[in-house]
Amino acid sequence: MYFNDICANNLVLYRHVKDSTAAAGVTLLFFILPSKLDFLRSFDADPVNRPTKPSPGMITWKMINTKMHWSLILVLGGGFAISAGSTTSNLSSILGNALTILKSINPFAILFIVCLFAETITELTSNVAIANIILPVLAEMVRNFN
């Protein structure tokens with residue numbers, strides 16, 4: 001059996017490799033790759049042209065720590081965590097089933113109520129968290145309408 005077959009069977013088919021793997025790999029590569037190509041002159045015949053210190057990586061932790069908006073990342077991660085929690089705990093299914101009593105109401109009225117609710121709630125919390133909570137509930141509600 002070839003190495004490619006083993007990797008394809010064990011990693012890709014069983015979904016261990018996802019889109020985030022490529023993003024994390026490129027990010028780590030930016031930490032490793034040097035920002036200046038001084039190392040190419042390491043074996044120059046003239047010692048003056050040789051680099052005296054290593055070149056820093058394209059991205060450094062100091063740069064990430066000072067320029068990254070950590071609050072945004074925490075808000076996005078929290079929203080996705082709430083969405084995953086409400087989906088895996090079947091909270092979205094329970095709420096979607098509870099909202100089937102709205103079946104007799106005009107769909108435009110339901111749309112107005114949902115938009116008004118979402119607009120009001122997003123004034124208090126993050127848009128991502130509310131969208132990640134409301135959308136699975138609405139999907140379950142629509143499934144139960146049919």
Side-chain angles (χ1 to χ4, degrees), residues 1-43 50-146:
M1 188 174 283
Y2 295 104
F3 180 73
N4 292 337
D5 295 335
I6 294 170
C7 288
N9 288 338
N10 290 337
L11 296 177
V12 178
L13 293 179
Y14 295 113
R15 300 181 190 266
H16 292 294
V17 176
K18 298 186 179 182
D19 294 339
S20 58
T21 306
V26 169
T27 304
L28 290 175
L29 190 63
F30 282 150
F31 276 104
I32 296 169
L33 290 175
S35 61
K36 297 177 183 173
L37 298 177
D38 291 343
F39 69 93
L40 295 175
R41 293 181 292 172
S42 295
F43 300 107
R50 294 180 190 161
T52 57
K53 60 181 180 175
S55 176
M58 294 175 106
I59 297 176
T60 61
W61 179 249
K62 183 179 178 184
M63 181 192 312
I64 293 291
N65 199 20
T66 57
K67 296 188 179 195
M68 183 67 98
H69 298 283
W70 292 106
S71 59
L72 176 66
I73 291 183
L74 292 175
V75 166
L76 285 172
F80 291 131
I82 288 172
S83 173
S86 68
T87 304
T88 56
S89 68
N90 290 331
L91 178 64
S92 58
S93 299
I94 293 168
L95 290 175
N97 290 333
L99 292 175
T100 56
I101 59 172
L102 299 176
K103 193 173 187 177
S104 60
I105 299 176
N106 187 358
F108 289 110
I110 295 172
L111 179 65
F112 179 75
I113 292 168
V114 167
C115 289
L116 183 69
F117 174 74
E119 176 62 30
T120 305
I121 296 298
T122 55
E123 294 298 322
L124 304 173
T125 62
S126 72
N127 298 342
V128 175
I130 295 304
N132 284 329
I133 292 171
I134 289 178
L135 291 176
V137 171
L138 291 178
E140 287 294 326
M141 185 177 76
V142 169
R143 280 189 203 126
N144 292 330
F145 274 12
N146 294 330

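Start at 1 with the first residue, then count along the sequence.
Among all heavy-atom pairs drawn from Pro136 and Ala131, the shortest one is CD-O, 4.2 Å. Taking each heavy atom of Ile59 and Phe31 in turn, the nearest pair found is O-CD2, 3.2 Å. Residue Pro34 comes nearest to Met58 through the heavy atom pair O-CG, 3.8 Å, listed as atom of the first residue, atom of the second, then distance.
Residues that satisfy the side-chain contact (heavy atoms from CB on, under 4.5 Å) test with Leu102, not counting sequence neighbours, are Leu99, Ile105, Ile110, Met141, Phe145. Residues forming a side-chain contact (heavy atoms from CB on, under 4.5 Å) with Ser86 (at least two apart in sequence, or on another chain): Leu91.
Shown are Ile133, Ile130, Ile134; of these, the side chain to side chain contact (heavy atoms under 4.5 Å, CB included) with Ile121 is made only by Ile130.
Residues Asn127 and Thr122 are in side-chain contact: their nearest non-hydrogen atoms beyond the backbone lie under 4.5 Å apart. In this structure, the side chains of Ile73 and Met68 come closer than 4.5 Å at one or more pairs of heavy atoms. Between Trp70 and Ile64, some side-chain heavy-atom pair lies under the 4.5 Å cut-off.
The CG atom of Leu28 lies 11.0 Å from the CG atom of Leu33; values are rounded to the nearest 0.5 Å. Here the straight-line distance linking atom OG1 of Thr60 with atom CZ of Phe30 works out to 13.5 Å at 0.5 Å rounding.
With hydrogens and angles ignored, the 3.5 Å screen pairs a side-chain donor or acceptor of Asn97 with a backbone N or O of Ser93. When atom types are taken as modelled, the side chain of Thr87 and the backbone of Ala84 share no donor-acceptor pair closer than 3.5 angstrom.
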- [ ] Given side chain to side chain contact (heavy atoms under 4.5 Å, CB included), test Ile82 with Asn132 step by step and report yes or no.
- [x] CA-CA 7 Å; Ile82 288 172; Asn132 284 329; 5.9 Å; no
